[in-house]
Asker: 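Please find one structure pasted underneath; my questions will follow.
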Amino acid sequence: MKKANFAQKTLRYAKRELEKYCLAVTGEKPQIELCCETTENTFDDGYLISVKKGIGTITGKNPRSVLLGVYGYFYELGCRFIRPGKDGDLLVKKNKKRCNVTKRFVPAYRHRGVCSEGAISEENVTDMIRWLPKIGMNSYFIQFRDGHLFFEKWYRHKGSSVLAPEEYSVTMSEKHYAAAVDAIEECGLEFHAVGHGWTTEPFGYVTYGETAAKEEDILPEHRKFFAEVNGKRGFFSSPGDTQLCYGNPEVREKITDAVKEYLRAHPEVDALHFWLADGMNNHCECALCRDTLPSDFYVEMLNLLDEKLTKAGIDTKIVFLVYCDLLFAPRKERFHNPDRFILMYAPIGRNFFRPLYTKGFSEKCDPPEYVRNRNRHPKTNGEYLYYLKGWLDTVRCDSFAFDYHLMTFPYGGDLSGIRIARTLYQDMGSLKKVGLNGNVSCQLQRIFLPSGLPMYVMAKRLCGEGRSFRKTENEYFSAAFGRQSSAVKRLLHETEKFFVSEEMTTCCTGKKREKAICLFARKFSRTKEKIFFGDADPAIGLGLDILKFFTEIIEKLLKILELKNKGEEYLPEKETFLKFLDEKETTYQPYADILFLKEGVNAWI
């Protein structure tokens with residue numbers, strides 16, 4: 001749990017935010033008392049606002065909830081928090097005597113967070129962290145010990161034809177990481193940390209990035225600790241994908257000792273993610289391991305870790321990953337102390353054009369049993385949820401989803417963001433049906449092209465928003481695009497219809513695809529002409545400017561698709577288009593992760 005000094009840090013920040021927004025909205029200093037029920041920053045949130053004519057109280061269950069209540073107060077006055085960073089707030093002007101709010105808030109889900117992914121700068125991360133409580137979210141997860149993999153992608157400008165790589169080091173990532181942790185503490189967010197890396201790094205092998213260890217770096221005396229796959233012990237494609245020989249007790253002791261020592265040095269962490277290696281079909285085939293499920297070894301190590309942490313007086317929660325080969329629940333092992341653990345369910349490989357959780361466990365299926373290093377990802381919603389139910393029936397502990405709606409090919413392949421927002425609306429509203437108490441979104445941080453609607457919908461539903469998708473969408477578009485909202489909505493809905501059409505989601509070519517491209521291009525152009533890309537309000541003006549960049553992307557992409565479909569030379573247009581994206585990145589850097597956008601559109605062109 002957060003220490004008392006962290007609590008005071010959050011309460012001071014809440015007071016400053018209250019004063020800042022009161023001055024901006026009413027022109028006067030606040031006469032609102034901030035009250036906190038406990039300085040323990042518990043995982044569960046709640047607040048009560050009782051303000052009449054600008055005078056009253058905001059009482060939070062914990063310091064973070066006080067801050068959530070401050071933003072909730074201004075939301076009720078009509079303010080909207082559209083996106084992170086400068087010009088992300090749409091503020092109203094209000095006479096203090098008309099500031100009357102009575103509201104009790106208890107979120108629908110305990111876990112409402114975001115996990116770092118993509119190519120990111122320090123500002124991208126800290127801006128996101130400070131935005132999250134404005135939309136009711138309560139946690140942030142920095143993957144790996146220092147976030148270096150993601151910081152390195154931005155500062156080394158991976159894949160850019162315009163920006164030269166900067167001199168960059170792990171030490172610099174550690175400084176950015178420290179700034180992010182400071183923002184997390186100030187906002188009182190639950191801090192999730194690490195994840196992958198607990199397999200090879202305790203033995204001294206860097207897991208990710210330009211300095212990742214290579215096969216020739218492995219010391220002879222360490223070979224026996226690596227998983228034996230196809231008769232070989234060593235790195236399985238990369239350190240991050242490499243499992244260990246978990247049947248060897250030295251391995252179990254080594255990695256659990258590493259977690260314990262990390263937590264001794266990092267009391268600021270609320271939820272430590274202890275994951276095994278990434279990927280699948282990479283587990284040890286030696287005599288010590290071959291007859292034991294990976295999940296049984298995993299639970300055995302988690303119990304060992306709990307014993308060590310309890311003896312050391314460390315009460316940090318441990319998050320374990322249900323994913324890939326670990327989808328198969330343990331047959332023998334059970335938790336000795338379930339309160340220590342949080343199950344994290346990660347359905348990577350799922351279809352993001354349709355919701356996963358809405359039917360609960362009702363869908364019948366006949367999923368395959370575990371076969372060592374011969375497994376596949378589930379193919380249906382029923383299979384995905386069958387494996388989840390197996391775990392929930394076995395371990396009975398706290399849990400949340402770790403889902404990838406805003407990571408896999410921006411917006412799942414629909415550049416409008418509308419279809420993924422619809423999926424998020426249904427998924428986030430249905431997590432309780434499958435026994436999950438929230439979601440930590442594994443996602444790009446620069447995900448606001450053409451709008452922040454998907455994140456806004458996700459946050460609203462995790463907080464318990466019961467209104468229809470249409471009403472939530474209308475609220476966001478009215479705030480983000482002002483008087484242009486109806487035309488913008490029409491433009492993005494037309495874009496959604498095109499990208500989720502049979503012509504774009506299958507291998508369709510020829511006349512059918514050509515007709516679809518031409519028809520959409522005409523509709524898009526006509527609707528775009530009805531939008532005025534400017535507004536006196538800086539928040540709306542910025543949203544429309546981002547949207548204008550989006551329309552340029554779509555028009556250039558359609559031209560390439562048309563040429564390719566006709567069998568004409570399109571590679572020069574493609575090269576020009578990718579260069580255009582790189583050139584625009586500095587202008588729109590906080591809102592669009594161009595590295596991942598290029599990876600996505602390359603699937604089409």
Asker: Run the salt bridge (charged side-chain N to carboxylate O under 4.0 Å, His left out) test on D296 and R331 for me, step by step, so that the C-alpha distance in whole Å, both residues' side-chain angles and the decisive distance to 0.1 Å come before the verdict.
Answerer: CA-CA 7 Å; D296 277 304; R331 292 173 183 158; 5.9 Å; no

Asker: Does the pair E190/R64 count as a salt bridge with the N-to-O cut at 4.0 Å?
Answerer: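 Result for this pair is yes, salt bridge flagged.
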
Asker: Ring pair (Phe, Tyr, Trp, His ring centres under 6.0 Å) between F400 and Y345: does it pass, once the steps are laid out?
Answerer: CA-CA 6 Å; F400 61 80; Y345 174 64; over 10 Å; no

Asker: Can you tell whether the side chains of E383 and K364 come within less than 4.0 Å, N to carboxylate O?
Answerer: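 Looking at E383 and K364, the cut-off is not met.
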
Asker: Pairing donors with acceptors under 3.5 angstrom, does anything connect the side chains of H157 and E166?
Answerer: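 Looking only at side-chain atoms, E166 and H157 do form a donor-acceptor pair, the distance falling under 3.5 Å.
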
Asker: Taking atom types as modelled and ignoring hydrogens, do the side chains of D241 and N282 form a donor-acceptor contact shorter than 3.5 angstrom?
Answerer: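 Result is no, nothing qualifies.
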
Asker: Identify whether the distance between the nearest side-chain nitrogen and carboxylate oxygen of E185 and K9 falls below 4.0 Å.
Answerer: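 Looking at E185 and K9, the cut-off is met.
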
Asker: Hey, can you tell me if F141 and H192 have their rings parallel, tilted or perpendicular (30° and 60° cut-offs)?
Answerer: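 Plane angle between 30° and 60°, so tilted.
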
Asker: Using side chain to side chain contact (heavy atoms under 4.5 Å, CB included), reason through F361 and Y386 one step at a time and then give a plain yes or no.
Answerer: CA-CA 7 Å; F361 296 117; Y386 170 86; over 6 Å; no

Asker: Would you compute the distance between atom CG of L68 and atom CG of L132 and round it to the nearest 0.5 angstrom?
Answerer: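 Answer for the CG-CG pair, L68 versus L132, is 10.5 Å.
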
Asker: In terms of side-chain geometry, is the basic nitrogen of K260 or E307 positioned less than 4.0 Å from the acidic oxygen of its partner?
Answerer: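 E307 and K260: not salt-bridged.
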
Asker: Quick check with a 6.0 Å cut-off and a 45 degree axis cone: is R233 positioned over the face of F226's six-membered ring?
Answerer: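 Because its charged atom misses either the 6.0 Å distance or the 45° angle limit, R233 does not stack over F226.
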
Asker: Hey, can you tell me if F448 and W131 have their rings parallel, tilted or perpendicular (30° and 60° cut-offs)?
Answerer: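 Aromatic pair F448/W131 classed perpendicular.
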
Asker: What I want to check is whether the side chains of E285 and N373 have a donor and an acceptor closer together than 3.5 Å.
Answerer: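 Looking only at side-chain atoms, N373 and E285 do form a donor-acceptor pair, the distance falling under 3.5 Å.
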
Asker: When the ring planes of Y208 and F144 are compared, do they come out parallel, tilted or perpendicular, using 30° and 60° as the limits?
Answerer: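 If you compare the ring of Y208 with that of F144, the planes turn out tilted.
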
Asker: Does K232 NZ have over 12 foreign heavy atoms under 6.0 Å away?
Answerer: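 Enclosed.
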
Asker: Are R130 and E186 within salt-bridge range, i.e. N to O under 4.0 Å?
Answerer: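 Looking at E186 together with R130, the answer is yes, because their closest N to O distance falls below 4.0 Å.
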
Asker: With a 4.0 Å cut-off on N to O distance, would you call D291 and R372 a salt bridge?
Answerer: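 R372 and D291: not salt-bridged.
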
Asker: Under a plain distance cut-off of 3.5 Å, with no hydrogens placed, do Y155 and E152 share a side-chain donor-acceptor pair?
Answerer: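 No pair is found: no donor N or O on one side chain lies under 3.5 Å from an acceptor on the other.
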
Asker: Using 4.0 Å as the upper bound for N to carboxylate O, is an ion pair formed by R110 and D44?
Answerer: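 A salt bridge is present here (some side-chain N lies under 4.0 Å from a carboxylate O).
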
Asker: Give a yes-or-no answer on whether the side chains of E117 and Q143 include a donor-acceptor pair shorter than 3.5 Å.
Answerer: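 Per modelled atom types, E117 and Q143 side chains form a pair under 3.5 Å.
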
Asker: Just checking, R446 and W154: is the charged tip under 6.0 Å from the six-membered ring centre and within 45° of the axis?
Answerer: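 Geometry flag: set, cation within 6.0 Å and 45°.
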
Asker: Is any NZ, NE, NH1 or NH2 atom of the basic residue among K317 and D398 found under 4.0 Å from an Asp or Glu carboxylate oxygen of the other?
Answerer: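 D398 and K317: not salt-bridged.
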
Asker: Taking the inter-plane angle between the rings of W198 and F274 on a 0 to 90° scale, is it parallel (under 30°), tilted (30 to 60°) or perpendicular (over 60°)?
Answerer: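 Rings of W198 and F274: perpendicular, over 60°.
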
Asker: Does this structure show an ion pair linking E210 with K158, if we count only N-O contacts that are shorter than 4.0 Å?
Answerer: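 Yes, this pair counts.
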
Asker: Can you check salt bridge (charged side-chain N to carboxylate O under 4.0 Å, His left out) on D427 and R461, steps first, answer last?
Answerer: CA-CA 9 Å; D427 275 344; R461 291 294 270 169; over 6 Å; no

Asker: Would you call D45-R112 a salt bridge at under 4.0 Å N-O?
Answerer: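 Looking at R112 together with D45, the answer is yes, because their closest N to O distance falls below 4.0 Å.
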
Asker: Angle class for the F402/Y404 ring planes (parallel below 30°, perpendicular above 60°, tilted otherwise)?
Answerer: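 Rings of F402 and Y404: perpendicular, as their planes differ by over 60°.
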
